[in-house]
Amino acid sequence: MVLFGRLLRAVGVRGVTTTRIEDWVEAAGLIDVGSRRDFRHTAEAVLVTRREDLEWFRTAFDLFFVARDPTELAELDLGLLVQRVRRRVERRLESGRGGEGQDAEADSEEPRAQRVLTWSDAEALRRKDFADLEGNELRQVRDLIRRMEWSLDVRETRRLVPSRRGRLDLRRSLRRNLARGGEILEFARRDRKRKRRPLALLCDISGSMEPYSRILLQFLYVASRGLDHTEAFVFGTRLTRITRQLRHRDVDEALRAVHHDVQDFGGGTRIGEAIRSFNRLWSRRVLGQGAAVLIISDGWDRGEPEALEREMARLQRSAYRTIWLNPLLGSPRYEPLTRGLQAALPYI
């Protein structure tokens with residue numbers, strides 16, 4: 001919070017004094033800091049004293065307040081952040097979206113836009129951050145996940161099966177037509193059999209991913225039940241295989257088994273070490289037959305980026321395709337600036 005105050009002063013927001021930051025810290029103790037919206041509104045109410053500073057504050061907030069561990073904060077380049085904030089605000093001002101009249105108009109139209117988007121519960125929930133779901137919304141999203149239709153890539157196997165197209169099957173053609181009197185009347189064909197590719201799921205359950213973990217475990221359960229040859233793993237500071245636990249017919253029993261057997265829920269993150277364990281212990285077992293790998297993580301890593309880059313390169317060579325699903329991508333202003341994600345980007 002002190003670093004964010006420095007950032008606001010650096011981009012020209014007036015009135016961000018030490019006293020105001022202390023007031024903000026005290027106010028944060030009176031709200032649910034797990035709610036990004038409440039935290040943002042509290043900061044805005046305490047730190048912003050002029051309307052013309054609102055655009056600068058909101059842009060700086062969106063760039064600064066993503067999940068950061070102490071290592072990331074210690075190495076944070078405020079000068080680079082100041083440049084990014086200025087570029088974004090200047091672009092908006094040039095496009096006419098940053099003026100006072102535009103702000104007022106956007107604020108006045110927000111309730112109408114929300115009413116339009118919520119005409120269908122499913123449509124609204126498909127676009128809502130999982131971290132903000134509560135009560136009945138969680139149950140609705142679980143139902144949506146259960147009804148997901150899977151359409152994954154297929155691969156050609158070595159086995160040949162009868163087909164209307166493909167290469168000529170001379171043996172079947174002769175056998176079939178000999179039974180009809182010996183004259184060849186119909187040609188049989190065969191082609192390579194096609195099967196869905198195996199899938200390996202690696203899900204981050206560290207502290208920064210905790211708001212998403214309850215829904216993502218539901219996703220892993222449905223994927224494991226709905227697809228053939230699926231292997232599921234979770235990781236924080238270590239890698240744990242949960243394929244067996246997810247085989248329970250009852251989803252609640254499956255998730256209870258996962259919580260019982262996994263020891264590092266809500267802890268730190270060592271993505272490089274987790275992928276190293278996967279490469280060393282599991283890749284040969286689960287990445288045969290053209291398997292794809294899906295990593296679900298926000299990319300905040302306490303390990304060395306060089307180690308993550310090395311293991312991602314090895315993983316890419318072993319898998320048919322490596323896909324990284326990041327929940328922070330739901331924000332249109334998100335940029336992959338962490339050292340871990342920068343190391344992984346060339347291989348995903």
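Source: prediction; values computed, not measured. Numbering of residues begins at 1 and proceeds along the displayed sequence.
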Within 6.0 Å of CZ in R6, more than 12 heavy atoms from elsewhere: no

Answer yes or no: is there a side-chain heavy-atom contact under 4.5 Å between L3 and F64? yes

What pairs meet the salt bridge (charged side-chain N to carboxylate O under 4.0 Å, His left out) rule with one or both residues in residues 10-28, with sequence neighbours excluded? none

V16 versus T49: any side-chain heavy-atom pair under 4.5 Å? no

What pairs of donor and acceptor atoms, side-chain ones from residues 309-317 against any protein atom, are under 3.5 angstrom apart with sequence neighbours left out?
residue, atom, partner, partner atom, Å
E311, OE1, N279, ND2, 3.0
R314, NH2, N279, O, 3.4

F235 backbone acceptor or donor facing R270 side chain under 3.5 Å: no

What residues, two or more places apart in sequence or in another chain, satisfy salt bridge (Lys or Arg N to Asp or Glu O under 4.0 Å) together with R84? E335

Decide salt bridge (charged side-chain N to carboxylate O under 4.0 Å, His left out) for D62 and R88; before the verdict, give the C-alpha distance in whole Å, the side-chain angles of both, and the deciding distance to 0.1 Å. CA-CA 11 Å; D62 289 336; R88 289 194 178 189; over 6 Å; no

Within-4.5 Å side-chain heavy-atom neighbours: S224 and R247: no

Side chain of Y221, backbone of H248: donor and acceptor closer than 3.5 Å? yes

Below 4.5 Å, heavy atoms only, C-beta onward: do T240 and D261 meet side chain to side chain? no

Residues in ring-ring contact (aromatic ring centres under 6.0 Å, His included) with H229, at least two apart? none

Over all atoms of both residues, closest heavy-atom pair of V85 and A60: CG2-CA, 3.8 Å

Non-hydrogen side-chain atoms of L294 and T322 separated by less than 4.5 Å: no

Could you list the residues that satisfy side chain to side chain donor-acceptor pair (under 3.5 Å) with Q218, not counting sequence neighbours? none

Not counting sequence neighbours, which residues clear side chain to side chain donor-acceptor pair (under 3.5 Å) with T42? List them please. none

Using the test ring-ring contact (aromatic ring centres under 6.0 Å, His included), find all partners of W24 that sit at least two apart in sequence or belong to another chain. F4, F39

Tell me whether the guanidinium CZ or amine NZ of R197 lies under 6.0 angstrom from the six-membered ring centre of Y320 and within 45° of its axis. yes

Taken in chain and number order and not counting sequence neighbours, the residues that satisfy salt bridge (Lys or Arg N to Asp or Glu O under 4.0 Å) with D38 are none

Could you tell me which residues satisfy side chain to side chain donor-acceptor pair (under 3.5 Å) with T243, sequence neighbours excluded, listed by chain and number? E231

Considering only heavy atoms from C-beta outward, does the side chain of I323 approach that of I348 to under 4.5 Å? no

Has the side chain of D204 got a donor or acceptor atom that lies under 3.5 Å from a matching backbone atom of I296? no

Residues two or more places apart in sequence or in another chain: which of them pass side chain to side chain donor-acceptor pair (under 3.5 Å) with E253? R256

Going by salt bridge (Lys or Arg N to Asp or Glu O under 4.0 Å), name the residues that satisfy it together with R50, two or more places apart in sequence or in a different chain. E52, D53

Hey, mind stepping through L220 and F233 against side chain to side chain contact (heavy atoms under 4.5 Å, CB included) and telling me if it holds? CA-CA 9 Å; L220 295 186; F233 301 82; over 6 Å; no

Under 3.5 Å: donor-acceptor pair, side chain of S297, backbone of G299: yes

Check step by step if side chain to side chain contact (heavy atoms under 4.5 Å, CB included) holds for E44 and R58. CA-CA 8 Å; E44 187 175 299; R58 291 168 180 171; 3.4 Å; yes

Heavy-atom distance under 4.5 Å between the side chains of L308 and D301, does that happen here? yes

Applying salt bridge (Lys or Arg N to Asp or Glu O under 4.0 Å) to E273 and not counting sequence neighbours gives none

For the residue pair L246 and V258, establish whether any side-chain heavy-atom pair is separated by less than 4.5 Å. yes

